[in-house]
Engineer: 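Below you'll find the structure I mean.
Start at 1 and go down the list; that is how both ligands and their atoms are numbered. Numbers here are sequence positions counted from 1. Values below: all heavy atoms of this structure, side chains included; hydrogens, waters and symmetry mates excluded.
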Amino acid sequence: MSEIHSESHVTLVAGGAGFLGAHLCRRLLAQGHRVICMDSFLTGPRENVACMLDDARFMLIHHDIINPLPKGLRPTQIYNLACAASPRHYQADPIHTVRTCVQGALNLLELATASNARILQASTSEVYGGPQVHPQVEGYHGNVNPVGLRSCYDEGKRCAETLFTDYARQRHTSVKIARIFNTYGPGMAPDDGRVVSNFICQALAGEALTIYGDGSQTRSLCYVDDMIDGLVLLMNSPAGFQGPVNLGNTEEVSVLDIARRVCSLSPGCPQIEFQPLPSDDPVLRCPDIELAKRHLSWQPTVSLDEGLARTYAYFAGASCRVHEPT
Ligand code: NAD
Ligand code: UDP
């Protein structure tokens, strides 16, 4: 492949056709970047980025990052968002999930090092596993089951953090690590199986909302625009700050509470149906974001009720399909 995008500021977004990736690509184009979106379309369809294909500054490469990367790429910044985020998807082929997290990270880190590019890893609150420290601070090393159904993702992401940190130490690669907590908003895949998309699509279809377990487990849900702000700020933060840094909303709510809030948006409040809790489902999750506030001057601005209303309006204009729990 010939040299791609030889201009000075070229941003590669691996996983750019996914939920967060497509939002990020749009944001980067709006900020004047040239963008290379690399995606295997495993969970993010080509349609997610179709609206950007007419932009001469946007290039789409169909590629699985576990394989050697195409030659000729010379990015100045790389965001590694490539990995299915939803349990139903990352558990469908767990070996591929580990390879994506580990071999994919290695391939991108080699490219970053060779190109002298800065690289940001989309890590996850899942590195804390079933946390015994609450809220979760970055210094907490987590409580992850290495052989559970979620391990392919949790341990893969933990290993990726190790690789990023060791490339910084050993090869002087410029790295940033974001620990992303649950994020939702317009553009989520309706069949992703995640709590917000499931509840809203169920409410719109007049179906019962499926609560796994008794609904007392908590999550802290961050609106997508806030998350993209945080990722871009982290990427452009001073070289001395590499993370890991938590990015997420501190408004912790139970799954039952999320169901109630979705009910209140729906003209006919739907029924609630309790189903078995998947194994290894974390009981609590809430970020401590003091580090992000201090180093990035970042904190979420969109309240849960406002974000849910916007997401509900988005899904009301789209067709929805809901899947059973994995
Ligand atoms: P998503 O599933 O919508 O997007 C992931 C994208 O990566 C998809 O377009 C998929 O096709 C692509 N992909 C997967 N494996 C690939 C591979 N081997 N090669 C190339 N492309 C591949 O997920 P998302 O919600 O947009 O999450 C993006 C990133 O953020 C993920 O790395 C995820 O782990 C992380 N994250 C997300 C959340 C969240 O709540 N959305 C929370 C924590 C971390
Ligand atoms: N959940 C639920 N009903 C659903 C989908 C999810 O009760 O239809 C629960 C799930 O068991 C978990 C929480 O909601 O406790 C968040 O699930 P999600 O898949 O969105 O994210 P994650 O578990 O990765 O935090």
Side-chain angles (χ1 to χ4, degrees), residues 13-24 37-46 48-49 61-67 69 79-91 93 96-101 103-105 107-108 120-127 150 153-154 156-157 160 178-185 187-189 192-202 208-222 224 227-228 231 247-248 253-256 258-259 262 272-285 322-326:
V13 183
F19 164 50
L20 293 182
H23 277 275
L24 179 62
C37 168
M38 181 179 288
D39 205 293
S40 64
F41 307 129
L42 179 71
T43 53
R46 185 184 286 268
N48 275 0
V49 290
I61 300 179
H62 183 186
H63 186 79
D64 189 317
I65 61 163
I66 70 172
N67 297 317
L69 300 182
Y79 289 84
N80 180 21
L81 273 57
C83 186
S86 163
R88 61 171 283 113
H89 290 306
Y90 69 64
Q91 290 171 16
D93 184 349
H96 184 263
T97 299
V98 175
R99 294 181 73 194
T100 295
C101 291
Q103 186 59 54
N107 288 339
L108 291 169
L120 181 148
Q121 166 68 357
S123 189
T124 168
S125 56
E126 291 280 329
V127 300
R150 288 184 174 240
Y153 183 76
D154 301 5
K157 290 284 188 176
R179 289 188 180 151
I180 300 174
F181 283 64
N182 296 58
T183 304
Y184 71 101
M188 291 182 94
D192 219 21
R194 313 210 73 187
V195 65
V196 170
S197 47
N198 268 10
F199 285 176
I200 291 178
C201 291
Q202 287 162 339
L209 310 194
T210 51
I211 290 186
Y212 307 157
D214 62 7
S216 62
Q217 70 271 35
T218 67
R219 292 295 186 271
S220 306
L221 303 171
C222 186
V224 62
M227 183 56 62
I228 300 300
L231 293 174
L247 295 179
V253 287
S254 70
V255 166
L256 195 57
I258 300 169
V262 171
I272 285 180
E273 181 182 304
F274 291 92
Q275 296 190 0
L277 188 68
S279 75
D280 278 339
D281 200 287
V283 174
L284 299 167
R285 212 177 280 140
V322 173
H323 284 267
E324 298 304 312
T326 44

Engineer: Less than 4.0 Å is my threshold; does some heavy atom of H63 fall inside it relative to ligand 1?
Structural biologist: yes
Engineer: Given A160, A22, S40, which one has a non-hydrogen atom that is nearest to atom 13 (N) of ligand 1?
Structural biologist: S40
Engineer: Looking only at heavy atoms of H96, does any of them come nearer than 4.0 Å to an atom of ligand 1?
Structural biologist: yes
Engineer: So for ligand 1, is I180 a polar contact partner (N or O within less than 3.5 Å, distance only)?
Structural biologist: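 Among all N and O atoms of I180, none is under 3.5 Å from an N or O of ligand 1.
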Engineer: Mind checking whether G104 has a heavy atom under 4.0 Å from ligand 1?
Structural biologist: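 Contact check G104 vs ligand 1: negative.
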Engineer: What part of N182, side chain, backbone, both or neither, has a heavy atom within less than 4.0 angstrom of ligand 2?
Structural biologist: side chain
Engineer: What is the ring orientation for F41 with H62, classed by angle as parallel under 30°, tilted 30 to 60°, or perpendicular over 60°?
Structural biologist: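 Because their plane-to-plane angle lies in the 30° to 60° range, the rings of F41 and H62 count as tilted.
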Engineer: Going by heavy atoms, is Y90 under 4.0 Å from ligand 1?
Structural biologist: no
Engineer: Can you find a non-hydrogen atom of P282 under 4.0 Å from ligand 2?
Structural biologist: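 Contact check P282 vs ligand 2: negative.
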Engineer: Could you name the option among Y153, F19, Y79 that has the heavy atom nearest to atom 35 (C) of ligand 1?
Structural biologist: Y153
Engineer: Check if K157 has a non-hydrogen atom at a distance under 4.0 Å from any atom of ligand 1.
Structural biologist: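 Distance cut 4.0 Å: K157 passes for ligand 1.
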Engineer: Which bit of F41 is near ligand 1, meaning a heavy atom under 4.0 Å away: side chain, backbone, both or neither?
Structural biologist: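 Just the backbone.
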Engineer: Relative to ligand 1, is A189 under 4.0 angstrom through side chain, backbone, both or neither, heavy atoms considered?
Structural biologist: neither
Engineer: Could you pull out, from C37, A85, S86, the option with a heavy atom nearest to atom 24 (P) of ligand 1?
Structural biologist: A85
Engineer: Does ligand 1 come near enough to D64 that some N or O of the ligand is less than 3.5 Å from an N or O of the residue?
Structural biologist: yes
Engineer: Check H89 against A84 and note the closest heavy-atom contact, atom names and distance.
Structural biologist: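 So the two residues come closest at CB-CB, 3.7 Å.
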Engineer: Is it the side chain (CB and beyond), the backbone, both or neither of R88 that lies under 4.0 Å from ligand 2, heavy atoms counted?
Structural biologist: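 Under 4.0 Å from ligand 2, R88 contributes no heavy atoms.
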Engineer: Using a 4.0 Å heavy-atom cut-off, which part of Q217 comes near ligand 2: side chain, backbone, both, or neither?
Structural biologist: side chain
Engineer: When only distance counts, is G18 in polar contact with ligand 1, meaning an N/O pair under 3.5 Å?
Structural biologist: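 It does: an N or O of G18 is found under 3.5 Å from an N or O of ligand 1.
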Engineer: Is the closest heavy-atom distance from S86 to ligand 2 below 4.0 Å?
Structural biologist: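 Not so, S86 does not reach ligand 2.
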Engineer: Please write down residue, atom name and distance for the protein heavy atom closest to atom 10 (C) of ligand 1.
Structural biologist: T43 OG1, 3.1 Å
Engineer: May I ask whether E126 has any heavy atom positioned less than 4.0 angstrom from an atom of ligand 2?
Structural biologist: yes
Engineer: So is there a nitrogen or oxygen of I66 less than 3.5 Å from a nitrogen or oxygen in ligand 1?
Structural biologist: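 N/O-N/O distance under 3.5 Å: no.
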Engineer: Can you figure out which of V13, L20, L231 has its heavy atom closest to atom 26 (O) of ligand 1?
Structural biologist: L20
Engineer: So, does R285 sit close enough to ligand 2 that a heavy atom of it is under 4.0 Å from the ligand?
Structural biologist: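 Distance cut 4.0 Å: R285 passes for ligand 2.
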Engineer: Heavy atoms only: which of N48, T124, T100 lies closest to atom 15 (N) of ligand 1?
Structural biologist: T100
Engineer: Which residue holds the protein heavy atom closest to atom 7 (O) of ligand 2, what is that atom called, and what is the gap in Å?
Structural biologist: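 The answer is Y212 N, 2.8 Å.
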Engineer: Yes or no: does R150 have any heavy atom under 4.0 Å from an atom of ligand 2?
Structural biologist: yes
Engineer: Can you tell me if Y184 has a non-hydrogen atom under 4.0 Å from ligand 2?
Structural biologist: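 So Y184 does not count as touching ligand 2.
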Engineer: Looking only at non-hydrogen atoms, which of V195, D154, I272 approaches atom 18 (P) of ligand 2 most closely?
Structural biologist: V195
Engineer: Considering only heavy atoms, does N198 approach ligand 2 within less than 4.0 Å through its side chain, its backbone, both, or neither?
Structural biologist: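 Answer for N198: side chain.
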Engineer: Can you sort out which atoms of ligand 1 are near T183, meaning under 4.0 Å from one of its heavy atoms?
Structural biologist: 39 (C), 40 (O), 41 (N)
Engineer: For A259 versus L209, what's the shortest heavy-atom pair and its separation?
Structural biologist: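 Taking A259 first and L209 second, the nearest heavy atoms are O-CD1, 3.7 Å.
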Engineer: Give the single entry among A82, S123, G44, A84 that approaches atom 44 (C) of ligand 1 most closely by any heavy atom.
Structural biologist: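 That would be S123.
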Engineer: With a cut-off of 4.0 Å, which atoms of ligand 1 are near a heavy atom of N182?
Structural biologist: 40 (O)
Engineer: Assess R194 for proximity to ligand 1: is some non-hydrogen atom of it under 4.0 Å away?
Structural biologist: yes
